[in-house]
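Here is the structure we will look at, set down as structure tokens.
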Amino acid sequence: MPFDLARFRERLLDWFAASARDLPWRRDYAPYRVLVSEVMLQQTQMERVVPYFERFLARFPDFDRLAAAGEDELLSAWEGLGYYARARNLQKTARAVVAAGGRLPEEAGALRELPGVGPYTAAAVAAIAFNRDEAVLDANVERVLSRVLDVDEPVKAPAVRRQLAAEAARLLPPGRARDFNQAMMELGALVCTARSPRCANCPLREDCEALHLGIVNERPVPGKRVTFTPLVVASGVVVRAGRVFIQRRLPQGVWAGLWEFPGGRVEPGESPAAAVVREIGEETELAVAAPEHLALIRHGYTTYRVELHCFLCAVVPESPPPVLHAAQEYRWARLSELDGLAFPAGHRKLIDRMRQDIRLCELMEG
DNA sequence: TAAGCGTGGCA
DNA sequence: TTGCCAAGCTT
């Protein structure tokens, strides 16, 4: 059966009307809420975003409140979501919107000028908040179209992406951009999934070329696969007079502006205990001794797989005061202070372990 | 154009 | 356990 555009649109929109998940930003499609949700959803799955979205909106209910937020308050609300530049850019956008009178532009071209708003987010906000006729192209749409149209080249290749963007625009029913785009992404998330797609329940099963050919599992064609680099890291919980040393990371690079415990990479042939003493000296000029193993935490970030060795360290009595070489600010903090500050996920896990360590808690009292 | 930028879930 | 994956943007 030939591809029928009207049928494709009708079945997709009917399916979405019946199957759309109840999400907080789908209540009224208020532009601020749509923008926050779309930025949170960059490279992040729906289920993970929803609780962050609720907390974020409670703290920062509008552009004005977000524009006025402090750095720790902002990053703390984002802690655990990753890609923290998103939070900073979202605040920059809020400030630009406030400066421009308080309203978000409605056209994709103007939205695209805002910090942290790329081609996807500009089209998504224009379509979902303002129902402008823009077609989004995200990983879900790429996957759906690569199957429906049987695309036999890697979908991440720029030329293929341009082609898929044009196809998405062709499929878009004029005047229905809000529902159409969400329907394509929702279908990708719930039915046309990367693994174990539910083709028997798919509203587009009659329109799907890859399904007809029996090669759904060969679509989309993957691109170059990323290699993960194992990394051994040692970090120190440096305690003095009931307080722990923490430092704020530099404004550029990974975990920019977040707080952390000092430490760094364990060199080949070096023990984690020796590395933590060396790294703390290099980063802070603090002299510490007798590192005592606290925890071993495994986590990953971007393309690294990290084995994080954590030690409790004492400052030697004749140690000089801290001088920072890998951070912009430091603090001797009480355990209870750490909750209002943003830490990388691995260090947050360490804080959780610290709270379970009775002897450490006794050391931190008072 | 390619690499940097997080994180947790899942098979 | 390990590899793969997710509603991308910036430089």
Side-chain angles (χ1 to χ4, degrees), chain A residues 20-21 23 25-26 34-53 75 78-90 92-93 111-129 134-144 155-159 161 165 168 178 180-190 192-197 217 220 222-231 249-258 260 297-308 342-349:
Chain A
R21 289 171 288 187
L23 298 170
W25 51 90
R26 285 182 179 162
V34 171
L35 175 66
V36 171
S37 72
E38 288 302 337
V39 174
M40 284 187 171
L41 284 162
Q42 292 169 7
Q43 299 286 282
T44 310
Q45 290 175 327
M46 181 77 76
E47 303 73 34
R48 185 153 180 75
V49 163
V50 170
Y52 279 91
F53 179 85
L75 292 175
W78 209 270
E79 189 197 83
L81 266 186
Y83 292 128
Y84 297 93
R86 292 185 294 173
R88 298 174 176 286
N89 284 331
L90 190 55
K92 286 182 195 163
T93 283
L111 287 161
R112 181 69 183 77
E113 302 299 313
L114 297 166
V117 178
Y120 165 78
T121 306
V125 172
I128 297 172
E134 297 283 346
V136 307
L137 184 64
D138 76 328
N140 286 304
V141 178
E142 284 171 15
R143 187 170 55 254
V144 170
V155 289
K156 295 297 182 188
R161 278 182 57 86
R178 169 178 290 158
F180 173 80
N181 284 302
Q182 292 191 90
M184 289 288 282
M185 293 189 282
E186 196 87 336
L187 189 74
L190 299 181
C192 194
T193 50
R195 283 172 294 211
S196 308
N217 289 327
K224 197 173 57 180
R225 68 181 174 88
V226 293
T227 55
F228 285 81
T229 309
L231 209 55
R249 293 180 60 89
L250 298 173
Q252 304 293 329
V254 68
W255 299 308
L258 274 70
E260 67 170 4
I297 292 168
R298 293 176 199 282
H299 69 114
Y301 70 93
T302 61
T303 60
Y304 296 99
R305 188 79 68 180
V306 180
E307 190 176 272
L308 177 62
F343 286 82
H347 288 216
R348 178 57 69 185
K349 289 179 190 170

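All chains are named by letter (A, B, ...) in the order of the sequence lines, taking the proteins before the strands, and each is independently numbered beginning at 1.
- You'll find that the side chain of A:R48 is closest to B:dG8, out of B:dG9, B:dG8, C:dT10.
- One finds no side-chain N or O of A:W78 lying less than 4.0 angstrom from the OP1 or OP2 phosphate oxygen of B:dT7.
- A:W25 places a side-chain heavy atom less than 4.5 Å from the side chain of A:V49.
- Place A:S37 and A:L114 on DNA chain C by their nearest nucleotides, and A:S37 ends up nearer the 5' end.
- The gap from the P atom of C:dC9 to that of B:dG8 amounts to 22 Å, rounded to the nearest Å.
- Rounded to an integer number of Å, the gap from CG of A:L41 to P of C:dC9 is 12 Å.
- As a whole-Å value, the separation of A:F228 CZ from B:dG4 P is 13 Å.
- For A:Y304, no side-chain nitrogen or oxygen approaches OP1 or OP2 of B:dC5 to under 4.0 Å.
- A side-chain donor-acceptor contact under 3.5 Å links A:R143 to the backbone of A:C192.
- If you measure from atom CG of A:L81 to atom P of B:dC5, you get 18 Å, rounded to the nearest angstrom.
- The phosphate of C:dA6 has OP1 or OP2 within less than 4.0 Å of a side-chain N or O from A:R143.
- Residue whose closest nucleotide on DNA chain C sits further toward the 5' end, between A:W25 and A:P115: A:W25.
- For A:Q42, no side-chain nitrogen or oxygen approaches OP1 or OP2 of C:dG8 to under 4.0 Å.
- For the residue pair A:Q43/A:R86, the side-chain donor-acceptor check at 3.5 Å is not satisfied.
- Look at A:T121 and you'll find a side-chain N or O under 4.0 angstrom from OP1 or OP2 of C:dC9.
- Although no hydrogens or angles enter the test, the distance criterion places no donor-acceptor pair under 3.5 Å between the side chain of A:E38 and the main chain of A:V125.
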